[in-house]
Structures are given as structure tokens and as C-alpha cells.
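Everything on this sheet refers to the single structure shown next.
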Amino acid sequence: MELSKNYIPNETEARWYAHWLEKGYFNSKPDGREPYTVVIPPPNVTGVLHMGHCLNNTIQDILIRRARMQGKNACWVPGTDHASIATEAKVVQMLREKGITKSSLSRDEFLKYAWEWKDKYGGIILQQLKKLGCSLDWNRVSFTMDEEYYRSVIRVFIDLHRKGWIYRGKRMINWDVKAKTALSDEEVIRKETRQQLYHLRYQVVDSHATTPEYVTIATVRPETIMGDTAVCVHPKDERYKHLHGKRVLVPLINRSIPVITDEYVAMDFGTGALKVTPAHDMNDYQLGEKHRLEVVDIFHEDGTLNESAQILVGQDRFEARKNIIPMLEQGGYLVKTEEYTSEVGYSERTDVVVEPRLSLQWWVSMQKLSEPALNAVMEDSIRFFPPKFRNLYRNWMENIRDWCISRQLTWGHRIPAFYAPDGSFVVAENIDEAFTKFQQQGSGVRMDEIWQDNDVLDTWFSSWLWPFEVFRGYSHPGNKEVAYYYPTNTLVTAPEIIFFWVARMIMAGYEYMGEKPFRNVYFTGIVRDKLGRKMSKSLGNSPDLLGLIDQYGADAVRFGIMIASPAGNDILFDESSLEQGRNFNNKLWNALKLVKMWEGRQSATADTTPDFATDWFANRLQQAKAEVEEMLEQFRLNEALKTIYSLVWDDFCSWYLEWIKPGFEQPMDTGVYRKTIGYFEELMQLLHPFMPFISEEIYHLLNDRNDDLCVKLTAAPTPPSPHLLEAGELLKQVISALRDARNRNQLKPKDTIQLHVQTANTTGFAAIEHILAKQVNASSVAFTEQTIADSIVVAVEKDKFFIVSEKELDTGNLKAELLKDLEYQQQFLESVKKKLSNERFVQNAKPEVVDLERKKQADAEARIKTIQESLQNLG
RNA sequence: GGGAGCAUAGCUCAGCUGGUUUAGAGCAUCUGCCUUACAAGCAGAGGGUCCGCGGUUCGAACCCGUGUGCUCCCA
């Protein structure tokens, strides 16, 4: 069979993924084996695959594939969340394109469109994960608005309300006065806006003063002064110290408000005095809470002024701003006006200026829920990787705030609260139950008067149930599946949602399952572009992932993203790492070609004398396997991949294959050949979780077989022989040193040399003589007990090598090199001697450490001697 | 304002329990090679004030304090 010049991934990848699916390798059912469970962090149903998903899902796939190859029952559950904000925005946009406004639709009509949209476009991302090679159990796709899941979310709400942990309370929200809806922070677009900063003076209330005194504040929103309930100054501001405890009058309406002090005020901004309008500014609201200020709301929901404003009632906020200025001017309150540019929030949907507004919202009290969740992480019952996130988690959990769970949207789980015309409400699963509850309370409300809350729940209020509800753990408590798969093993996610999601899943897990949702949490980094900017749609710096997979192959993409990705550190993504992945594919492919070339050139019988190269590689492989194993246990995935990469590229390709390569047109020893195939297989097995496609392909090309690498069980590594490993390292070192010497002396690769070896270990060198000769292009290798004249001398540890060549040697250059080395060695010896002459070191340090230093000394002394001899030899 | 983290080669980062570290890898750079698997390659090389200062220790890139710079999260 002819193998192509380079590896061509596309066809191979599609073929193997289809094969794995057909064999049902990814499907899991509870059985007698140990489970290994991962639930996917449900991607947003509107999402398309981006670099973050790529990293996150590659990691999960590595863990799952490894577990599968370890003989565990690996189960990776796919799914999506309904993403109320993002999806609703998409649906509204789609309707707009059809000329339909959301407000013209009933709730049910809108939801019908939303479901249509979801069925058509939702979950594209799941298909894309197949391209990446993700071994998800496709029989288990879940969605946070599946019928049963939906009901569970509602029941959890009811349960928490019954426990008294859900309540209604006021909160400042972003209000769109045109759409008459609340906006999430993500839907608010901040724009630099030119404004006027008005300096207004408020008269100080002081019955004793002969002339009126004023305090001047600066504001860009003069139309809100009627909502002012305090003026705030910095406690240390000397200019205003005399005003502490006094009151001032709001211009035009003459309401008396207190002067308060708070360090929040920036003394150097404006006049250093701040008007406080708790109903209409986020910061002022907090200040108001802190100082228990009155809240005066002066706006209707459409942004016009209401009766509380007393003046300009019925005017729009911007109209009022225009109109209040002459009034202030006339009254002598306007001190000056200056140009001012600052960021103002605009609605993403309607482009009107967002109005901060107080609104009644639903909240979850976090006190009781957070306690076991904090302990679980602090006591390492749930382990974080990297552990540095424990601090962050603790800090947040210890200062936890209540969770606002209502969203002024339609797409999502509708809040199960039912209201009577008198404003009273009950929480119930449906209207019939609600009616019954009203009756039980003795309310005379009629069924047709009851209405359900129009808002939906925060998407996280459904996804916090994810780790158990994908197994119906809440809807069917104690069922066989949840009993088997829960708690799950590892959650892989981004640190940015540690509070939104991770913490809350832990809370829900303990509250509803009485058990943690997962044992380990692996935090990935944030994928940034080369310049360190977060990848985002608006910046357009997120590469087209499917395009990259087409171009480089999924294995190369997986490699590229993993090799650059230490746990919990952000990664700066650069396409050059994909090139590295693609090159690695090619390296593997070419090694395969070389090995396949030998297939037909095998010797009739196998040579039974021990072969150094095969013995060494067998041991090197076991050593690396153990290292990889340990790194994976510690979630150091990128280091594990680096280890495999260098094992394949350096040890296998650059050293081993070169060592066993027969001479031109020579036969290949059949025993060596078979061992080599075996090693190659093991390498592919080790690599498989990281690069599943090419490893499976090569596994099948190495030999005809009926099994698949994907589900082949990995044997545990056996302890390697330290002696052989050392001998291998020595050989590499000698070859490199001799090649370096050749290079430095301008010997061309084709120029042959005669090599003389001076060593105490002649038997050791006899075993590797043929390798050595081949690797340094020596026509002969001889042992010697004397120094060889007119040669290049190379010392490696205690052995000396003399290179004799036909070419004229540049002795001046050689001498300079030797002198440089001599100086270095002498300095090194000095530092070691100094250490050893320090009595306290010899007394306090561990004996091994002291021995080590003694060995360093001996080696350095031997080397110095060799160098001095070499110098003499050069004359 | 509160919290967390980071600072090591030109770039991106490893360096785990302080002692095989006079500090490693990949990329980039330089030199020599189209050597029959691979130029998307091979063989080599150069490159460092481990952010500054102080301390602990026989010994510090690593621990402690402090300063500087940067990043993120919460408000």
C-alpha cells in the first residue's frame, strides 16, 4: 500500500468518527465497572464553536478517552442550556427582520417562535463538537428546558420558597424605557458621550445665618434633582467640614435633605460634593442603603416624570433636562456649565439611554445553601485544579450576597408565582394549585382573576441542577442512573463562571442530592489572541474554528490548543501552535512510512542477541508512560502532552529509529521490526486521548486488526531499568558531543572520521559501538588507553573520545574552545568546593545532597584534567 | 473601594517539597546540511540582573516582608 507524502486529516477524521459512533463506543450504561462521569458545561444554545469551547471540550475528551482506555465506564453527557437572554435577543432580531415586534405577540405566540428558532438553529454547536472528535454519549443529549427538566426547575423554586429561602426584594436594574423591560449588563452598550456638567448650588439650611450660604454640586442629570435625598461630601474634605450634620434645600422644590459624609466621594472630581439620588443611580442607591436614605422615584416606566417630581410632571427625562436649565438659571441655582465626556449606557435593543431603576425582583437567600458548599472545597472534598482558585472561592463564599433570579424576559422557566388583584401572591406549580392555595388562605379570589408572574428565571437557576438532573436525579430521586453516575468525576470549566455556576452547582448538589456534584473541578484559562485580548465577537479576533479544523485537522487543533495551555492560566492563542500540531502529525506519518518500508525487508530469522536500542527504548517508553500517568492524575495535561511529544519526536524518531535503521538496502531484523511495531502501537495508545484520529489511523495501518485503539485497554507501566536509561542518556550525550565537535571543526556530514575511545567501560561501549559509529559517521571505532595525537578530544563524564580526520584541524579555534570550557569548569569547581568547605552545609544538609556535591567535585576535577591534557595534546 | 493573581531567554510559558538548577521547553534567531521517512525536515549553536530592595536559611527563581508594573473578578 502506498502512503501519501504528507498526512491528510480530513477524510481520516470523518471516517473514524463515523466508525466509533457505529460501534457505539461512546455510549454508556450503568454496569459493574467503575464509572467515570463528566457532564458538559452546557454551551449556550445560540452558540457556535469558538476557541474557548475548543479548549474546554478537548480537555474533557482527553479525560474521558483516557478513562475509557483505563477500562472505566466513561460517560460524557452532552447538552445545551436555553440561554434566556441571548436566545431571546436572537428571536427578537429574527422577528424584527420579519417585521414583527415582540410586543405585538402574546406570550404563547412568542414562545412558539422561540421554540421554532431553537429547533432550527439551537445545538449547532453539538454537531461541531463531533468535528473536534469529542466522544460524547449522543443518546444522552439534555436541554435545560426539556419537559422534565423544566418541571424540576419549577419544583426547586417552589421548594426553596417553601423553605423560606426565596423572597421578593428591590433591586436596581438597567431599564429600557422604550422596550419597557429590564436589561442585563451584557445588553447595555457603553458609549463615550458628550454631555454638560452642570454646577448647581443648594442652599444650606441655617436659621442663624445672615446671608444665605450655598453648597455647589456637579451633575450631568439636573432633571433628577427632585429625587435627591442627600448631598454627600468626603469626611476629610476641609472645604465642607463645617457642613457636617447640616441640611440643604433641593432647588426649585425646596425639599430639605441631609448632608452626609462618605469616603466614596472623590474630592477632586467636580466640586467634591455629590448629589445623592438613590432611585436613579446604581452607586447612589448603595450609598442610600448604607446611610438609610429615603428613596424618591420620580420616573414612570416610560421615562416620563411622575407626581413625585412635583415639577415638569409628564415630561420625558430629556425634555425635562432641557426645560429645567432655564428654571434653575432663573432661580439663581446654576453656577456654571462645562463640557464633559463620559461613558453612558445605551440599550443594545433600542439604542435609548438606559435608566437605572428600582424594581421588585425574586431572590434566593444564600446563607444556608452556601455553608456546605464552602466547606466541601475548603476540606478538599471537592478539589480545585489549580488550587489557587480555592482562595477566590472562599473569599466570594464568605461574603456571599443573595442571588437575584428573576429576569424580565419571556424565554425561560416562568416564575411560578400567582397574583391576586389585591397584590397578594402564592407560589405554586400551576394555576389550579395556585387557586387551591388562595382558597386555603381564605382568599375570595376568582380563578379568572389570578395571573402568573411574567418574568422568567435566571438561566443559572436551571443549570445549577445540571450534574444530577441530566440523570433525572431530582425528578426521579434515587433512580439507577443517578445512583451510578453521581457524583460525577470532573467538571471542566472557565474560572470566570466559578460563582455563576460552579459554586451554585455545589450548593444544589448538597441541597438536593445530599452529595457533591463532582470530585474535581479543572479550571481552564481564558483563550486570548496574540495581543492578549479576550476573544470576542465584537473584536472579531476569534478565528473560525471549523475553518482551522479543515485547514490543519482536528488533531492538530487539539494539539495546538493543549500544548499552549497550562491549567488555569490564560492562553495566548497563536496559529503557529497549530502548525506545530500539523507538523507533529506529519512526523508521525513519516515514521509510519519508514517503518512500513521495513515491513517487506525483514530478515528470515530474528537475531536473538540482545539489542541495545530496543532494550533501551522499551525502558524509556515505560518511564515516559509513568510520567504521563502521574501528570494526568494531577491534571497537568499540557505537560503530559509535551512529554508524549518529545518521547515520539526525540526519543522514538530522532534516536531510536535512527539507531535501528539498517544500512542502505540492508534487511531489517525481524525481531527488531516486531518490537518496533509494538512500541509504535504503545505510543499511539499513549497519544490517543490527545490526538484520537491519527493515532487510530496509524494503529490500523501498522497491522491488520479487528479491534480499535479507542477502546483498547492500556497496560499499567512497568518500572524501567535505571541502568539502561542511564546508558541511553550517556549514548545520546556522547553522540551530541561528538557531532558538536564535528560541527565546530567544520567537518561536513559526509566527512568520515576515525573514533578512538578511552574508557574504563569497554563492555558497555562495545554494545553501542555500531550505533555510535553510524550516528557520528565514523568509519572505525577503536578503544585506546593512550592519548591520540593530532586529534580532536571530546570528554563526556569520565570517558574521552579522540576524533581523527583527514581534514586539517583549526587548532587555534580548538584551543580557544577548550580554554573557555576550562574556565567554566574551574569556576564551577570553585563554587562546589566552597559549598563543601562550609561546615554548616556538611552538617545540616541531607547526606544525599552532600554526596551529590562530592560527585560534582570529582567530575569537575576529572574534566579539568582531561581538558588540560587535550590542551597539551594540541601543543 | 474590596479581593485574587501574575512578573523567569526576543515571544509564550515550565520549573511541583528550598539542594542533580552556573535555570529548562516550544516558537523565533544564527551556522551547516536537499544524508533514500520527514526542508511542514535533519545536525548543531547562541541567548537570562529569575521585576527592584530587604529578610529567613548552611543554601532562595522558590519561603517572608516591602516597593514597582500588569491582569482579572466583585462593587
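What's counted below: heavy atoms across the whole structure, side chains too, no hydrogens, waters or symmetry copies. Each chain gets a letter, A, B and so on, in the order the sequences are listed, and its residues count up from 1.
To the nearest angstrom, P of B:rC42 lies 16 Å from CD1 of A:Ile735. Rounded to an integer number of Å, the gap from A:Ile561 CD1 to B:rC27 P is 18 Å. Distance, A:Ile8 CD1 to B:rA40 P: 16 Å, rounded to whole Å. We find that CD1 of A:Ile698 is positioned 17 Å from P of B:rA37, with the value rounded to whole Å. Between the C1' atom of B:rC72 and the CZ atom of A:Phe500 lies a distance of 13 Å, rounded to the nearest Å. Between the CZ atom of A:Arg390 and the C1' atom of B:rA4 there is a distance of 14 Å, given to the nearest Å.
A close approach under 4.0 Å does occur between a side-chain nitrogen or oxygen of A:Lys856 and OP1 or OP2 of B:rU20. A sub-4.0 Å separation between OP1 or OP2 of B:rG26 and a side-chain N or O of A:Lys642 is absent. Side-chain N/O atoms of A:Lys5 include one lying less than 4.0 angstrom from OP1 or OP2 on B:rA39. Phosphate contact (OP1/OP2 of B:rA37, side-chain N/O of A:Lys661, threshold under 4.0 Å): present. A:Ser577 has no side-chain polar atom (N or O) that falls below the 4.0 Å cut-off from OP1 or OP2 of B:rU12. For B:rA37, neither phosphate oxygen OP1 nor OP2 lies less than 4.0 angstrom from any side-chain nitrogen or oxygen of A:Trp649. Contact annotation: A:Asn590 does not reach the phosphate of B:rG41 (side-chain N/O to OP1 or OP2, under 4.0 Å).
A distance of about 10 Å separates the P atoms of B:rG48 and B:rA9, rounded to the whole Å.
Counting atom types as modelled, A:Arg401 pairs no side-chain N or O with a base atom of B:rC74 as donor and acceptor under 3.5 Å. Between the side chain of A:Arg739 and the base of B:rA43 there is no donor-acceptor pair of N/O atoms closer than 3.5 Å. For A:Glu658 against B:rA37, a side-chain-to-base donor-acceptor contact under 3.5 Å is present.
Pairing for B:rC70 is with B:rG5, a Watson-Crick or G-U wobble pair whose two hydrogen-bonding atom distances lie under 3.5 Å.
Within 4.0 Å of A:Phe499, counting heavy atoms only, lie sugar-phosphate atoms of the nucleic acid but no base atom.
Inter-residue side-chain proximity for A:Asn777 and A:Ile753 is flagged as unmet; no heavy-atom pair is nearer than 4.5 Å.
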